[in-house]
Protein chains: 4
Amino acid sequence: MTETKPNLSEQLTSIKQKHIIDAAIRVFSEKGFHRAKIKDVAKEAGIADGTVYNYFASKKELLLAVLNELNETEARPAQFENLNSTDLETLFLKQMQHRFNFMFAKKEVLQAVLPEIISDSEIRELYFDAIISPTLKMGEQAFSEVLTEPSVSSEALTRALAGSLFGLLLLNLLGDDETEKHVAEILGFLAKSFASNLERKIA
Amino acid sequence: MTETKPNLSEQLTSIKQKHIIDAAIRVFSEKGFHRAKIKDVAKEAGIADGTVYNYFASKKELLLAVLNELNETEARPAQFENLNSTDLETLFLKQMQHRFNFMFAKKEVLQAVLPEIISDSEIRELYFDAIISPTLKMGEQAFSEVLTEPSVSSEALTRALAGSLFGLLLLNLLGDDETEKHVAEILGFLAKSFASNLERKIA
Amino acid sequence: MTETKPNLSEQLTSIKQKHIIDAAIRVFSEKGFHRAKIKDVAKEAGIADGTVYNYFASKKELLLAVLNELNETEARPAQFENLNSTDLETLFLKQMQHRFNFMFAKKEVLQAVLPEIISDSEIRELYFDAIISPTLKMGEQAFSEVLTEPSVSSEALTRALAGSLFGLLLLNLLGDDETEKHVAEILGFLAKSFASNLERKIA
Amino acid sequence: MTETKPNLSEQLTSIKQKHIIDAAIRVFSEKGFHRAKIKDVAKEAGIADGTVYNYFASKKELLLAVLNELNETEARPAQFENLNSTDLETLFLKQMQHRFNFMFAKKEVLQAVLPEIISDSEIRELYFDAIISPTLKMGEQAFSEVLTEPSVSSEALTRALAGSLFGLLLLNLLGDDETEKHVAEILGFLAKSFASNLERKIA
DNA sequence: AATGAATGAGGTTTCATTCAT
DNA sequence: GATGAATGAAACCTCATTCAT
């Protein structure tokens with residue numbers, strides 16, 4: 001029963017961890033995980049090298065903590081507010097905008113972490129199971145509930161939508177500034193297109 | 001008629017370089033660039049460590065050569081056979097299938113190289129200028145020639161299409177096997193959707 | 001009065017650098033710069049290989065630090081005590097003894113560093129500009145002030161004297177023990193000979 | 001008895017060895033023994049890397065062959081032509097000029113080899129026993145025969161003279177161009193000085 | 001808890017030497 | 001005899017991690 005306050009020192013620890021993680025995100029995303037040195041992270045965080053190890057067991061643990069940053073909020077399902085009454089195009093648009101904005105806000109983290117997700121199978125599986133897979137499942141579920149006699153499987157539709165968003169982010173990460181400039185237009189076009197051949201269930 | 005044979009030793013060098021590049025692709029894509037050691041590449045190629053350096057000045061040069069491997073074939077524009085007479089949906093579909101198949105065939109290399117492209121700004125710029133940018137430009141040009149009073153800018157349309165494809169590949173690289181399973185369906189849906197709100201110029 | 005103490009940690013660093021430099025001098029002079037490995041220096045200094053690099057950026061930097069060791073004290077001009085009242089022979093003798101003793105005390109360092117000075121043009125120029133040239137200039141100046149209607153140019157005289165001393169040291173470095181045994185006699189003879197045909201200005 | 005012609009192929013071998021040695025001298029003296037690569041020597045000689053090893057067992061053997069270059073002619077005692085009738089100053093001058101010219105002609109070889117002589121004890125002993133020691137002995141002998149009641153031991157005198165010459169060369173190797181410019185004057189001064197306090201035996 | 005100097009395993013790269021052609 | 005590609009031992013250097021202060 002004595003759980004009361006989550007321990008002052010624990011809170012402090014948590015705050016300092018967050019501080020280091022933020023520094024790590026900046027450094028990792030700028031230099032890449034392997035080129036970034038613990039010394040760089042420590043300097044960015046304004047602490048000593050050794051101090052990092054008081055909060056993270058290893059450099060890889062720190063990376064996993066950064067990865068977890070995505071988890072934290074990504075998991076939070078979009079507030080499907082009052083989407084019941086909107087048409088499909090608007091629903092798609094809202095959803096895609098929401099997702100894209102979220103990813104875009106996390107662009108730095110993704111840049112820091114994506115290379116490792118792609119190249120390290122251990123991390124890849126972790127990320128896939130923790131984030132990608134559930135997100136896709138959620139999407140499939142949502143679509144199957146919302147669509148009437150769809151001409152595409154919800155698996156395919158989910159991947160078309162998710163893929164489009166991932167792709168836009170990737171284009172941006174790869175250096176294409178135009179993508180960023182035309183986001184609104186692109187998302188609008190995508191939403192309209194995807195909605196063209198589908199019909200919403202009447203609630 | 002005798003196109004001066006490009007020097008026997010040059011040919012040999014080229015073949016051996018290719019041999020090492022192929023080994024590097026396998027090793028890089030399995031372990032990732034940084035976890036892959038020159039020793040690994042050499043072993044995979046069946047040669048001594050030092051021999052690698054007879055063909056590539058440094059590990060990074062080897063990576064660039066791998067990167068170049070993408071260039072080699074990527075540049076080849078799709079044979080726009082008799083696409084003149086087809087409708088827009090079919091045209092999109094053919095194009096996307098072509099591109100996707102190409103990227104998918106290079107999946108291993110991309111997995112090896114993408115992390116570095118994302119995290120190393122030097123390589124990123126190189127790759128963007130050499131491949132991404134020209135490809136996007138080509139797309140923009142093609143669309144502007146083909147469409148009648150499009151409701152989207154060719155920049156946006158290009159990125160919607162390219163992004164979708166990149167995104168599918170990325171989903172697959174991240175471990176989603178479903179993407180691979182449903183490719184045909186997804187591409188079909190994408191083509192149909194994108195074509196829905198556009199009209200082709202009458203030739 | 002309290003001359004700000006030069007920072008404790010700076011002092012420590014300086015002491016440790018000196019410790020490594022001393023070890024390097026011993027190892028370089030015994031094995032020669034190239035045959036001496038960083039591992040050897042570290043072992044001689046009783047530290048780990050990597051620690052050397054906490055104090056010197058590279059092996060060559062360490063060599064330059066060793067070189068600088070000569071600079072440190074070489075610069076100190078001989079105390080021309082009361083040389084005003086002495087005859088030329090005595091003045092030459094005192095000077096030569098002073099110089100020779102100094103060089104002889106630095107014999108180990110010179111043996112460590114001389115080969116590189118001779119064979120590395122970068123280091124050669126550094127050493128020449130920092131030490132040889134100023135020393136010769138000083139000599140020329142001193143002689144021109146001290147001699148009456150000399151039959152030799154001060155440039156030539158300086159080089160005769162400096163050369164003699166360098167030569168003796170070199171003979172010794174090359175393994176001639178007799179040189180060391182007869183130093184006193186040789187220097188005496190040199191001083192007397194050089195003074196024979198010159199006359200001192202009357203102060 | 002069948003020694004006849006020294007075998008044509010032996011002659012060829014000897015010529016080619018000399019060719020490689022000359023290339024080595026140029027390369028070693030410019031870059032220093034350790035910085036010089038066998039590839040550099042081969043290129044300078046206009047042959048393949050491997051060919052060097054048909055004529056010298058190892059890089060060090062090549063260095064010893066270069067060292068031997070000094071031996072070849074150095075050993076040849078100066079033709080003490082008709083020095084009987086000259087005064088001591090002239091005799092010294094002639095001798096020193098002869099020696100100095102010889103050393104100066106071999107400057108490149110010395111620059112190539114001296115660093116190793118100083119830093120490699122094996123080579124040092126070889127060189128000392130083969131060249132320095134006999135030369136000094138010869139000098140001692142000559143002086144003891146020529147001087148009447150000398151005020152210096154022949155050991156000391158020999159070293160004073162030899163040292164002066166070595167020293168001038170060293171000054172020059174270290175980069176002092178003035179030495180070269182004033183050689184005549186310096187040697188003249190040295191000869192006159194050394195002769196000042198000595199007297200020649202009357203033949 | 002924070003520090004940062006010390007550590008040393010391990011990686012990239014060099015290059016003398018070998019040897020099949 | 002000449003060649004030069006292949007070799008692989010060994011060196012320099014980096015940097016994640018430890019630990020005494």
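Atoms considered below: every heavy atom in the structure, side chains included; atoms not considered: hydrogens, waters and symmetry mates. Just so we're clear, the structure is a prediction, and the values are computed from it rather than from any experiment. Labels below follow one simple rule: chain letters A, B, ... track the order of the sequence lines, proteins then strands, and each chain is numbered from 1.
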Query raised in the report: Would you say a side-chain N or O of Lys16(B) is under 4.0 Å from OP1 or OP2 of dA6(F)?
Result: yes
Report summary line: As its Watson-Crick or G-U partner within any shown strand, both distances under 3.5 Å, dT17(F) has dA6(E)
Query raised in the report: Can you check whether His34(A)'s main-chain N or O pairs, donor with acceptor, with Lys37(A)'s side chain at less than 3.5 Å?
Result: yes
Query raised in the report: Which sits closer to the 5' end of DNA chain F, Val52(B) or Tyr53(C), going by the nucleotide each is nearest to?
Result: Val52(B)
Report task. Round to a whole Å and report the spacing from CD of Glu61(D) to P of dA16(E). Result -> 15 Å
Query raised in the report: Can a side chain N or O of Asn54(D) be found less than 4.0 Å away from OP1 or OP2 on dA2(F)?
Result: yes
Requested in this report: Determine: side-chain N/O of Tyr55(A) to OP1/OP2 of dA2(E), distance under 4.0 Å, yes or no.
Outcome: yes
Report summary line: Looking only at dG11(E), dT3(E), dC15(F), the nucleotide nearest the Lys37(A) side chain is dC15(F)
Query raised in the report: Does dA1(E) have a Watson-Crick or wobble partner in any strand here, with both distances under 3.5 angstrom, and which is it?
Result: none
Query raised in the report: Do any N or O atoms from the side chain of Gln17(A) and from the backbone of Tyr55(A) form a donor-acceptor pair under 3.5 angstrom?
Result: yes
Query raised in the report: In terms of heavy-atom contacts, does NZ of Lys39(C) have more than 12 from other residues, nucleotides or ligands at under 6.0 Å?
Result: no
Query - Among dT7(F), dA2(F), dC12(F), the nucleotide that comes nearest once only the side chain of Lys59(C) is considered - result: dC12(F)
Requested in this report: Output the distance between atom CD1 (Ile118(D)) and atom OG (Ser29(C)), rounded to the nearest 0.5 Å.
Outcome: 12.0 Å
Requested in this report: Find the distance Asp40(C):CG to dA10(F):P and express it as a whole number of Å.
Outcome: 13 Å
**Report entry** Ile38(B) CD1 to dT7(F) C1', straight-line distance once rounded to whole Å
**Finding:** 15 Å
Query raised in the report: Where the side chain of Ala48(A) is defined as all heavy atoms beyond and including C-beta, which of dG4(E), dT13(E), dC13(F) is the nearest nucleotide?
Result: dG4(E)
